[in-house]
Amino acid sequence: MLHLASKSPRRRELLLRHGFDFGIVDLDIPEHPAPGESPEDYVRRVAREKAGAGLLRLVGQADAVVLGADTEVALDDRIFGKPVDADEAAAMLRALSGRTHRVISSVAVVSAAREVQTTSVTEVRFAALDDARIAEYLDSGEWKGKAGAYAIQGRAEAFVAHLSGSYSGVMGLPMFETVALLREFGVRRDVAAAEAVA
């Protein structure tokens, strides 16, 4: 059985939308880049750690398949994690304004017998954002708990002047890659369930 090692409601939504039946493994994995660790290496490591920790929680379930994922926003080599407050969120949005950043989303799938991982990198260019537009977005509260201080599936969708890569990857789970990995593990979708969610 598939288990998602993530608290993200967006990842749950994406898996449900595609007809996957899964359990949740609730974990608290430290998410801090090591000195000199590149954004890509950091995201891959955290996704693997989540999947591995989830599998350890399910010892005794021989058929357990665990999906761990991590998504971060990176501008140049700087990682923009989840802002601690509105001031930090505003600073992030000002830095992203009018520039192209990367959204790196890594997916690790593990079972007792194997581990497979893939990483999606999407380039996102924001329009220029003035202080009034940033303040309006902050007032929505949508930035809370979001890497880079924005949710592309919400009001920040209007900030995106250009996107090259995976829209669902920016949400937190690149579904093209995820579905392919799960098929390798024999995890199948319930098409009728997916249609019901849609």
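This one's a predicted model, so the numbers in the text were calculated from it and none came from an experiment. If you read the sequence from its start, that first residue is 1, and numbering goes on from there.
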Quick one: are [X] and [Y] in side-chain contact, heavy atoms under 4.5 Å?
| X | Y | answer |
| --- | --- | --- |
| Arg114 | Glu184 | yes |
| Arg12 | Phe20 | no |
| Tyr167 | Thr122 | no |
| Arg188 | Arg183 | yes |
| Val124 | Val170 | yes |
| Val73 | Leu96 | yes |
| Arg11 | Leu4 | yes |
| Lys144 | Lys82 | no |

Test of understanding: clusters of I, L, V, M, F, W, Y form through side-chain heavy atoms closer than 4.5 Å, transitively. Do [X] and [Y] belong to the same one?
| X | Y | result |
| --- | --- | --- |
| Ile79 | Met171 | no |
| Val107 | Val121 | no |
| Phe126 | Met92 | yes |
| Leu58 | Phe22 | no |

Mind listing the side-chain donor-acceptor pairs of residues 61-68 below 3.5 Å, one per line with the distance, residues two or more places apart or on another chain?
unit_1	atom_1	unit_2	atom_2	d
Gln61	OE1	His3	NE2	3.4
Asp63	OD2	Met1	N	3.3

Quick one: pull up [atom1] in [X] and [atom2] in [Y] and give me the separation to the nearest 0.5 Å.
| X | Y | atom1 | atom2 | value |
| --- | --- | --- | --- | --- |
| Thr178 | Leu15 | OG1 | CG | 7.0 Å |
| Met175 | Ser166 | CE | OG | 9.5 Å |
| Ile24 | Ser6 | CD1 | OG | 7.5 Å |

So which of Tyr150, Trp143, Phe159 actually passes ring-ring contact (aromatic ring centres under 6.0 Å, His included) with Tyr137? Phe159

Looking at [Y] and [X], is there a salt bridge between them, counting it only when a charged N and a carboxylate O are closer than 4.0 Å?
| X | Y | result |
| --- | --- | --- |
| Glu49 | Arg45 | yes |
| Arg57 | Asp26 | no |
| Asp70 | Arg48 | no |
| Arg102 | Glu72 | no |
| Arg44 | Glu40 | no |

ILVMFWY cluster membership beyond Leu56 - transitive side-chain contacts under 4.5 angstrom: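 Cluster partners of Leu56: none, it stands alone.
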
Does the Thr100 side chain pair with the main chain of Arg125, one donor and one acceptor, at a distance under 3.5 Å? no

Can you give me the closest heavy-atom contact between Gln117 and Ala47, atom names plus distance?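 Closest approach of Gln117 to Ala47: NE2-CB, 3.8 Å.
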
Least distance between heavy atoms, Lys146 atom then Ala151 atom: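 So the minimum-distance heavy-atom pair works out to CE-CB, 3.7 Å.
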
For Arg99, enumerate each residue passing the side chain to side chain donor-acceptor pair (under 3.5 Å) test, keeping only those at least two apart in sequence or located in another chain.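 Asp76.
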
